[in-house]
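Heads up: the structure comes next, in structure tokens.
Numbers here are sequence positions counted from 1.
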Amino acid sequence: MRRDTRRHLWRDIRVQLPFLAWLVVLWMLLWAQFTVLSFLTGLVVAIFVTRVFRLPTVALSGRINLWYAALFVVQFLGAMVVGALAVTRQVFDFRRQPGTAIIAVPLRYADDLVMTHVAVVSSLIPGSLVVETDRDRRILYLHVIGVRNRDDVEKQRQGILRWERRVVRALGDPAQYRALKADQRAGADHATKGGAR
């Protein structure tokens, strides 16, 4: 076996190890048995599944900011409560039907991993659901309720883009994080110059 091939194989194993471990844990939870036999059968099943139903290797960012990750969890839980209350209010408002729309949200910093996180978060918060993704152009299409005009649509779009920034702060790769910080600095400079006129 050539040296490059061996190195590539070990890199693949290292990258896939968290997924294998998760599949083993899932297997043990499924059978509600935390035994050596359950671990070994879960390992066999995990290896079988990842080899037979092989997907492209997902490169993890290798960066997790614990402060932003904790903040993300708190903001997400708060958004779920607020979304549930908003949907409940709309359901029981018999005077008018809640407006709905399908909106396109072009993501700015997303790779496959960030795009997946943003899509999952957007779908879990009551009031919006991802109905389509355009992976090549990095666009999410969402069905949202509670929109009555273009301002409401733009507000929903900005909300999704805020979640993208939160995901990048928490676990985006260093290049994504640098691009986000540069855009924030440029936006702050632009706002300062605009306010000084």
Could you check whether any side-chain heavy atom of [X] comes within less than 4.5 Å of a side-chain heavy atom of [Y], counting everything from C-beta outward?
X: Leu107; Y: Ile139; answer: no
X: Leu171; Y: His117; answer: yes
X: Val121; Y: Phe72; answer: yes
X: Phe76; Y: Ile125; answer: yes
X: Arg165; Y: Arg162; answer: yes
X: Leu140; Y: Val118; answer: yes
X: Tyr141; Y: Asp134; answer: yes

Distance, nearest 0.5 Å, that separates [atom1] of [X] from [atom2] of [Y]:
X: Arg169; Y: Leu180; atom1: CZ; atom2: CG; value: 5.5 Å
X: Arg157; Y: Glu154; atom1: CZ; atom2: CD; value: 5.0 Å
X: Tyr109; Y: Leu161; atom1: OH; atom2: CG; value: 9.0 Å
X: Arg148; Y: Gln97; atom1: CZ; atom2: CD; value: 9.0 Å
X: Thr133; Y: Asp112; atom1: OG1; atom2: CG; value: 9.5 Å

Same cluster or not: are [X] and [Y] linked, directly or through other Ile, Leu, Val, Met, Phe, Trp or Tyr residues, by side-chain heavy atoms under 4.5 angstrom apart?
X: Leu129; Y: Val81; result: no
X: Trp163; Y: Leu71; result: no
X: Val131; Y: Val120; result: no
X: Met115; Y: Ile102; result: no

Considering all heavy atoms of both residues, which atom of [X] and which atom of [Y] are nearest to each other, and what is their separation?
X: Gly146; Y: Pro98; result: N-CB, 4.3 Å
X: Ile145; Y: Gln156; result: O-NE2, 3.9 Å
X: Val147; Y: Ala101; result: CG2-CB, 3.5 Å
X: Pro106; Y: Ala104; result: CD-O, 3.6 Å

Would you confirm whether [X], through its side chain, and [Y], through its main-chain N or O, come within 3.5 Å as a donor-acceptor pair?
X: Gln176; Y: Val168; answer: no
X: Ser123; Y: Val130; answer: yes
X: Ser128; Y: Ser122; answer: yes

Can a salt bridge be assigned to the pair [X] and [Y] using a cut-off of 4.0 Å between side-chain N and carboxylate O?
X: Asp111; Y: Arg135; answer: no
X: Lys155; Y: Asp152; answer: no
X: Asp183; Y: Arg108; answer: yes

Assign the ring pair Tyr177 / Tyr68 to parallel, tilted or perpendicular, where the plane angle (0 to 90°) is split at 30° and 60°.
->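 The arrangement is tilted - the two ring planes meet at 30° to 60°.
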Can you list, pair by pair, the side-chain donor-acceptor contacts under 3.5 Å of residues 18-40, counting residues two or more places apart and other chains?
residue : atom : partner : partner atom : Å
Trp27   : NE1  : Thr41   : OG1          : 3.1
Thr35   : OG1  : Ser38   : N            : 3.1
Ser38   : OG   : Gln33   : O            : 2.9

